[in-house]
2 protein chains.
Amino acid sequence: MTARFTDDAAGAASADGRQETAAGTRAAHVPDATVARLPVYLRVLLGLADAKVETVSSEDLAVAAGVNSAKVRKDLSQLGSFGTRGVGYDVANLLAEISRELGLTRPRGVAIVGIGNLGRALAGYGGFAPRGVQVEALLDADPGRIGEMVNGMIVLSVDDLEKVVANRDISIGVIATPAGAAQDICDRLVAAGVRNILNFAPATLIVSPGVNVRKVDLSVELQILSFHDQQRTRRPRGPAVPDVPEAVEATS
Amino acid sequence: MTARFTDDAAGAASADGRQETAAGTRAAHVPDATVARLPVYLRVLLGLADAKVETVSSEDLAVAAGVNSAKVRKDLSQLGSFGTRGVGYDVANLLAEISRELGLTRPRGVAIVGIGNLGRALAGYGGFAPRGVQVEALLDADPGRIGEMVNGMIVLSVDDLEKVVANRDISIGVIATPAGAAQDICDRLVAAGVRNILNFAPATLIVSPGVNVRKVDLSVELQILSFHDQQRTRRPRGPAVPDVPEAVEATS
DNA sequence: CGGTGTGAACGTCTTCACAGCA
DNA sequence: TGCTGTGAAGACGTTCACACCG
């Protein structure tokens, strides 16, 4: 597990019983591990919907998402009972339910701070599935970059961060600055009311409780792969390519 | 947990007993969760070494790394007994041990495929700690980009992928292509002998056993944050900013 | 003392296996 | 019959608390 979320005193778990699927109440307390996989299911389902597939079994979804089918069923059952026994899940319905669970039904404004190559890549990412997550502002500290047009948006001065957060309803801040600036930007985002931060800078951010920070660190990822690379070569035996080339799912 | 590694039949675990710290044999079977944190400790230690700090306690290291001290001690004890009771850990020594455990003592060649904004950002990342991980080649399919100079390296044609992997001793492949090309590039990397892949494309890669894939998907991260953002607003009560602003560590 | 190293308790996530329903 | 939904078991990771030692 990469991320620790703030404990946020268990969200109003009414008794323990499951609620009617019909209107209103949603699942109380979806596990972090499940939440982390929902976006992957979402992507797969979008592809299926595009291909006019109407229903999908947990097994098929599992293969496409790179997990096993028990996990898919457990995950989906956390949100409610949306499958039909003997048949599978309705693609359109499941899409709607997962989108809802992820909070993608109303837009979440994103501001990207630091418009270097990484910031540009993020700004141009585009394919943010079914709306929901929308890049609303690009900020940078370099006067040479301010005013520049990137992906249809004008780069604004980081001096205006507080104003931008307030005016454009920013709920997620992405930090793509050098490590040295990360904590300061983070503090300002939090002070301005942002409670969700995605940090690409190689630095540990310290935040007050109630703020969610997720971190993506390229060099951490590469060093983990370095470890695994070494593991193979350290062991004298152990074929790099097993003679049973049975396909296996990856990470995602 | 974001990543699953291939099971790779437990690496020659000689009995269960701990080995002498002295020469030779290393810890058998370091948990994935620990491996994922070692790079963070490494980064912190580099900073300490830079500041001429000679020893560090598990508590101090923990604060700087954004974890708790029990975790630091458990993690480090997986590699051997390097601390001194009543004192702490020798920074230089710990740096060496972690570097060794991560396989950073001999260079691991990295090839980046797809030199868009993201690929450029990765190519220019630079700060790969204490050597070990070294970008050796940049590849792209766009003729307009081939031959271009990026961060001191010439962009090569992806047609030459197999040649490049062989000639430059590439052990880690980074996929920064559009989703549609990812599986094909992955297959070619694996066929060429690469056993470690870092995938930035929003696609699930299918690989044969023995190949490690790690995935970084921006839209997955944002959607997870969207979920948490929604969690707060869904709940009527629950102050966004608790009145006890006691600092708390973030993710990593 | 102060801080490491670690058994044991605890909590979370995954996997199994099967009851139950369309 | 086929596939979902889920209790129960097992694996894994975290946290606690303290023995041990410099």
**Request:** Start with the C-alpha distance between B/Arg232 and A/Asn196, add both sets of side-chain angles, then the distance that settles side chain to side chain contact (heavy atoms under 4.5 Å, CB included), and finish with yes or no.
**Result:** CA-CA 11 Å; B/Arg232 193 171 343 82; A/Asn196 303 282; 3.6 Å; yes

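The separation between A/Asp75 atom CG and C/dC13 atom P is 10 Å, rounded to whole Å. In this structure, B/His29 places its NE2 atom 11 Å from C1' of D/dA11, rounding to the nearest Å. Protein atom CZ of B/Arg37 is 8 Å distant from nucleotide atom C1' of D/dG13, rounded to whole Å. In this entry the distance linking CD of A/Glu59 with C1' of D/dG5 reads 16 Å, nearest Å. A straight line from CG of B/Asp32 to P of D/dA11 spans 16 Å, rounded to a whole angstrom. One can place CG of A/Leu61 at 13 Å from C1' of D/dC3, the figure rounded to the nearest angstrom. Spacing between atom CG of A/Asp60 and atom P of D/dC3 amounts to 9 Å, rounded to whole angstrom units. Put simply, CG on A/Leu76 is 16 Å from C1' on C/dC13, counting in whole angstrom units.
Put simply, the side chain of B/Leu42 reaches to within 4.5 Å of the side chain of B/Leu104, judged on heavy atoms. Annotation: side chain of B/Leu122 is in contact with side chain of B/Phe200 (closest heavy-atom distance under 4.5 Å). Counting heavy atoms from C-beta outward, B/Asn212 and A/Ile224 have side chains that stay 4.5 Å or more apart.
Comparing B/Arg85 and A/Thr34 by the nucleotide of DNA chain C that holds the closest heavy atom to each, the one mapping nearer the 5' end is B/Arg85. With DNA chain C read from its 5' end, the first of the two nearest nucleotides for A/Pro31 and B/Gly83 is the one closest to B/Gly83. Map A/Val87 and A/Ala70 each onto its nearest nucleotide of DNA chain D; the residue landing nearer the 5' end is A/Val87.
With hydrogens and angles ignored, a donor-acceptor pair under 3.5 angstrom links the side chain of A/Lys74 to the base of C/dT15.
B/Thr204 places a side-chain N or O within 3.5 Å of a backbone atom of A/Ala64 that can act as its donor or acceptor partner.
The shortest distance between the side-chain N/O atoms of A/Lys71 and the OP1/OP2 oxygens of C/dT15 is below 4.0 Å. For B/Asn68, a side-chain nitrogen or oxygen approaches OP1 or OP2 of D/dT15 to under 4.0 Å. Regarding contacts with the backbone of D/dG5, a side-chain N or O of A/Tyr89 is found under 4.0 angstrom from either OP1 or OP2. The side chain of A/Thr84 contributes no N or O atom lying less than 4.0 Å from OP1 or OP2 of C/dA22. Between A/Ser58 and the phosphate of D/dT4, there is a side-chain N or O to OP1/OP2 separation shorter than 4.0 Å. Between B/Arg73 and the phosphate of D/dA17, there is no side-chain N or O to OP1/OP2 separation shorter than 4.0 Å.
Here the side chain of A/Ala33 is nearest to one of C/dT14, D/dG5, D/dT4, namely C/dT14.
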